[in-house]
Amino acid sequence: MTKYEVLKRYFGYSSFRTGQETMIDAIMAGRDALGIMPTGAGKSICYQVPALLLSGITLVVSPLISLMKDQVQALNQAGIHAAYINSSLTEGQVAKALRLAAGGQYKIIYVAPERLETYGFLQFAKAAPISMLTVDEAHCISQWGQDFRPSYQKIVPFVKQLENRPVVSAFTATATTEVKDDILCVLGLRQPEVLVTGFDRKNLYFAVEKKRRKDAYVMDYIRAHEGESGIIYCATRKNVDQLYERLVAEGIPAARYHAGLGNQQRQQSQEDFIYDRALVMLATNAFGMGIDKSNVRYVLHYNMPQSLENYYQEAGRAGRDGEPSECILLYSPQDVMINRYLIEHKEEPELLDEEQRQAVRERDEKRLWAMERYCMTLQCLRQYILRYFGEQAGPDCGNCSNCRQEFEEVDITEQAVQIIRCVQETHQRYGINVIAGTLAGSDRAKLRDYGVSALSSYGSLSHMTEPAVKQMMNHMLLEQDLAVTPDKYALVKLTAQAVQILNGERRVIQKHPKAAAQEMPEQMAARNSAKAAAMRRSDILNSRGLELFEQLRSLRTQIAREESLPPYIIFSDKVLVDMCVKAPLRKEEMMQVNGVGEHKYEKYGERFLEKIYTFGNGVREKYYFGGAGETTELFTQAKSVEKKVDFYLTNTQAEQFPYGQQYLAANLAEALNSLRDPKKVKKISGAEIYRMMQAKDYAYERKVDGKWQKIITPQGAQAGLFIGTRLSKTGNEYEDIYYNEHAQRMIVAEFVRHE
C-alpha cells in the first residue's frame with residue numbers, strides 16, 4: 001500500500017494536513033525526525049502511517065497509562081492491531097502481549113518509559129524487528145521543559161542496546177526554542193527532519209477575565225454553555241473540591257480529579273468525563289495529558305498556571321476536533337503568590353546537582369513572570385503566546401478578549417518618569433509592590449521599615465491608587481522600559497529605554513479600556529463569551545442539518561454504550577457534521593466523509609446510513625448553508641463562513657417579517673434567519689435573543705425549588721414578553737418566555753441596518 005492508501009483505508013482521510021507528509025517521507029527515507037505541531041494538527045498520523053508501511057514493529061514511548069489506552073482503542077477501532085505495555089497490566093498479561101508481538105500480531109506497541117529497562121522487555125526488543133522508536137510528548141525528556149520526567153532519560157540507553165538502531169522520531173505540541181534544541185541533543189537524533197508547523201490554534205478563542213467573584217462567573221458560564229463538555233483547572237485541591245460540591249449541589253453533572261483522591265476514584269472521574277456521563281471536569285494540573293477527548297468546547301482556568309507552556313498545553317485540550325472552542329483564564333493577583341509558593345516548595349529530581357536546581361528555579365520564576373505578563377497585557381493574546389514560543393506573530397487575531405475590546409490610548413510619560421526616578425532613588429533594590437506603594441504614598445508597616453517616606457519620590461503619584469501604579473509598571477515591563485530579575489524577589493531594574501524616557505527621547509503610551517467596555521456583571525460577561533468564537537456548527541448547518549446532527553449524536557451515544565467506548569472514538573463531532581454536509585445515502589458516498597475508513601464503515605457505517613436515509617425519507621436534502629456548486633468539504637466551507645458579518649436585516653428584509661400573535665425565541669430566530677443573506681450574514685440564535693432581553697433588564701433567571709426559572713421584569717412585560725407553557729420532548733409541561741407582536745417588532749428593529 002502507499003501512504004495515501006493507508007491514510008484513506010484506516011483513517012478515512014483523502015489528504016494529509018500541513019506537515020504530516022513531510023514527516024512521513026523523512027521517516028520512510030530512514031531519517032530521524034522531530035515534529036513540533038500544535039494539538040489537533042495530527043501528530044499521531046505522522047508516526048502511525050509509516051508504522052504500518054515499515055516492515056517491523058514501531059515502539060511508541062508514552063508518559064501516561066490513559067494516553068496509551070486511548071490511542072490503542074482508537075487504532076483498534078480503525079482496524080489496526082496495537083497494544084500497550086505498562087503497570088496497569090499483570091506480568092502474565094505483559095508476557096502474553098510480548099509473545100503476540102514477537103509473533104507479528106502487533107504493528108504498534110505503546111510502552112511506558114519505565115518498562116524500557118526491564119529485563120523481559122529488553123530481551124524482546126533485542127530479538128524483535130524494531131523499525132522505529134517514537135517518543136510521544138517529547139518535551140518530557142528536557143529538564144528545561146515544563147513537564148520534565150526523569151523516566152524519559154531511559155530512552156537513549158535503551159536505543160543504544162539494540163543491535164540495529166531504528167529510526168527515532170519525536171513529537172510534542174509545546175516546546176520553546178530552548179526545549180526543542182535540548183530534545184535534539186538529549187535524544188541524539190541523527191540528521192533529523194525538524195518540523196515546526198506553528199503553534200497557532202485558530203479555532204480557539206483566548207480571554208483573560210479579572211473577576212473578584214470567580215465562582216459566580218464559573219456558574220454563569222456553565223449555565224450559558226449547557227450541554228457542552230468543558231474542563232475547569234484550579235491551582236489547589238481545595239478549590240477543586242469546593243467548586244465540585246457547588247456544581248453537584250446545582251444539579252450539574254460534574255467530576256473531579258486531583259492527587260488527593262484515590263486511584264479508583266480518579267479513574268472513575270476520568271471515565272465519567274470521557275464517556276460524557278459528566279460534562280464538566282474540575283481538576284488540578286494532574287489531569288489531562290492522557291486525554292484525547294475531541295469535543296471539549298471550553299477550558300477555564302480558575303487560577304493562573306505557573307507557565308505559558310502549562311497554560312497552552314492545558315488550554316489546548318479544548319477544540320481538538322478543530323471546532324471553535326474557548327480558553328478563558330480568571331486572573332487575580334493572589335494567583336501569583338500561590339504559584340510562587342508552589343515553585344519554592346517544588347520537589348526537584350534527585351539527579352540534579354545544586355547548580356542545576358538553582359538554574360531550574362530561575363527558569364521557573366522567568367516562566368511565572370511571562371505568565372503574569374500574559375494576564376496583564378492589553379495587546380493581542382494570541383500574538384503574545386506565539387511570540388513566547390518563538391513564532392513570528394502576524395496582525396491582531398480578532399479572536400481574543402483584547403482584540404474584541406475597545407481601547408483608547410493615553411500618554412503616561414510623566415507618570416513613567418516618576419516611576420523611573422523612584423527605581424533610581426531606591427537603587428533598584430525593590431520589587432513592584434514596594435515601588436508602587438512608595439509612589440502612591442502608602443503607609444504600610446513594611447514601607448515604614450524600609451524608610452521610604454524620606455525619599456523625594458514618596459507620594460509623587462499619590463493622586464493615583466496603588467493598583468493603577470502597578471498597572472502602569474506592568475505596561476512598562478511589557479514594553480521593556482523596565483525589567484525584573486529572574487528570581488523570586490523580582491527586583492525592578494532600569495533598561496536603556498528608561499534612560500531614553502528620562503532624556504525626553506521616548507514617550508510612553510498606554511491603552512485603557514473605554515468606559516463603556518469596562519467591567520460588566522459576571523453573568524453577562526460569561527454569557528457574552530459564547531459569542532466570541534468566529535464560527536459555530538450552526539453557521540454551517542441549517543435547522544434541518546442541526547436536527548440531523550443531534551440524531552447522529554444520539555446514535556453515536558447508543559453505539560458507544562453498546563461497545564463500552566468513549567463516543568468520540570466512534571466518530572468525532574467533526575465527522576458527524578461532515579456526514580450532515582455530504583448527506584450520504586450509499587456506501588461509496590459515506591466513504592467520502594472525512595474520518596470514515598473501511599474498518600469503521602464495516603462496523604458502524606450501515607447504521608449511520610440508515611439514520612440519514614430515514615431522516616430524509618430517502619431523499620437527499622441540503623443540510624448546510626451555501627450555494628449550489630460550492631464544495632462540501634467542511635474545512636473549506638468553514639474558512640469562507642468565518643468572513644460572514646454578525647446578523648442584521650436591511651429595511652426591505654425587515655418589512656417581510658411574518659409577525660404573529662406569539663413566538664418563542666427559537667421560532668423568532670428561525671423567522672429572522674429566513675430573511676437574511678446566508679452567504680454574507682451569520683445566523684442569530686434564540687439564546688442570543690434571550691441574552692439581549694437580559695441585557696435590557698427585561699428578563700432574568702432565579703432558582704425556585706432547586707430548578708432555574710425564567711422571570712420577566714415589569715419592563716419586560718411592558719415590552720411584550722409573557723410567560724407561557726410548552727411541552728418538552730418527553731411530554732412534560734414547563735414554562736418559557738413568549739414574545740407578542742409588539743415585542744417582535746422591537747426585536748426586528750434592533751437588527752435593522754439602515755442603508
Side-chain angles (χ1 to χ4, degrees), residues 209 211-228 246-247 249-252 328 404-406 513-532 646-649 654 657-673 682-728 732-753:
E209 298 284 351
K211 299 295 177 187
R212 293 182 180 177
R213 300 173 63 237
K214 289 186 178 183
D215 286 8
Y217 182 96
V218 168
M219 297 304 298
D220 289 327
Y221 186 96
I222 292 172
R223 292 191 195 105
H225 294 75
E226 186 178 359
E228 295 184 350
R246 180 164 181 180
L247 262 62
E250 296 284 350
I252 296 170
I328 300 175
R404 290 174 177 265
Q405 174 71 284
E406 289 189 51
K514 288 188 177 179
Q518 288 181 4
E519 187 75 12
M520 58 173 54
E522 276 79 2
Q523 187 178 41
M524 286 306 301
R527 292 185 182 279
N528 285 343
S529 74
K531 298 179 181 179
D646 290 337
F647 180 84
Y648 76 92
L649 295 175
F657 186 85
Y659 294 103
Q661 185 176 355
Q662 62 184 36
Y663 273 120
L664 287 165
N667 305 132
L668 186 53
E670 189 173 357
L672 287 166
N673 288 326
K682 294 180 182 179
K683 291 176 66 178
I684 187 73
S685 68
E688 289 177 276
I689 292 173
Y690 174 60
R691 288 196 292 270
M692 187 170 72
M693 296 301 100
Q694 288 181 299
K696 290 179 175 290
D697 200 26
Y698 289 169
Y700 64 95
E701 293 181 17
R702 72 179 179 195
K703 204 167 187 181
V704 179
D705 297 330
K707 295 182 179 180
W708 287 95
Q709 291 186 358
K710 293 177 180 178
I711 308 297
I712 295 172
T713 65
Q715 301 97 303
Q718 189 174 359
L721 282 64
F722 65 94
I723 296 291
T725 58
R726 56 184 298 195
L727 288 177
S728 69
N732 296 320
E733 283 192 353
Y734 68 99
E735 293 184 340
D736 205 343
I737 295 177
Y738 285 85
Y739 302 80
N740 67 17
E741 185 176 340
H742 177 70
Q744 294 164 34
R745 292 186 180 277
M746 171 196 68
I747 291 168
V748 169
E750 286 281 343
F751 293 112
V752 172
R753 178 185 292 181

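When a residue number appears, it is its place in the shown sequence, counting from 1.
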Between E688 and K682, does any side-chain N to carboxylate O distance fall below 4.0 Å? no
Interatomic distance, OH@Y700 vs OH@Y690, rounded to 0.5 Å, equals 10.0 Å
Taken to the nearest 0.5 Å, the spacing of F657 CZ from E741 CD works out to 9.5 Å
In this structure, CE of M693 is separated from CG of L721 (nearest 0.5 Å) by 6.5 Å
On a heavy-atom basis, the closest approach of M746 and A719 is SD-CB, 4.1 Å
Note: A654 and V752 closest approach over all heavy atoms is CB-CG2, 3.6 Å
query = So do R726 and L664 actually touch side chain to side chain, heavy atoms under 4.5 Å?
reply = yes
Q. Do E209 and K211 come close enough that some side-chain heavy atom pair is under 4.5 Å?
A. yes
Rounded to the nearest 0.5 angstrom, the CD1-NZ distance for I747 and K696 is 9.0 Å
Show the numbers, then the answer: is there a side chain to side chain contact (heavy atoms under 4.5 Å, CB included) between L649 and R753? CA-CA 6 Å; L649 295 175; R753 178 185 292 181; over 6 Å; no
Is the number of heavy atoms from other residues, nucleotides or ligands under 6.0 Å of Q718 CD greater than 12? no
In terms of the angle between their ring planes, are F722 and Y738 parallel, tilted or perpendicular, with boundaries placed at 30° and 60°?
parallel
Any non-hydrogen side-chain atom of M692 less than 4.5 Å from a side-chain atom of F751?
yes
(Q) Tell me if a side-chain donor or acceptor on N740 pairs with a main-chain N or O of Q661 at a distance below 3.5 Å. (A) no
The reported gap from NZ in K683 to CG in L672 (rounded to nearest 0.5 angstrom) is 11.5 Å
*asked:* Show, in sequence, the C-alpha distance, side-chain angles and deciding distance for I252 and M219, and conclude whether the side chain to side chain contact (heavy atoms under 4.5 Å, CB included) test is met.
replied: CA-CA 10 Å; I252 296 170; M219 297 304 298; 3.9 Å; yes
Margin query: If we ignore hydrogens and angles and just use 3.5 Å, is the side chain of Q744 paired with the main-chain N or O of G660 as donor and acceptor?
Written below: yes
### Task
Measure the shortest side-chain to side-chain distance between I222 and E250 over non-hydrogen atoms and say whether it is less than 4.5 angstrom.
no
One should read off an interatomic distance between E735 CD and I712 CD1, to the nearest 0.5 angstrom, of 9.5 Å
Heavy atoms of A669 and G686 approach each other most closely as CB-N, 3.5 Å
query = Less than 6.0 Å separating the ring centroids of Y739 and Y663?
reply = no
| said: For Q662, I'd like to know if atom CD has over 12 heavy atoms of other residues, nucleotides or ligands within 6.0 Å. | reply: yes
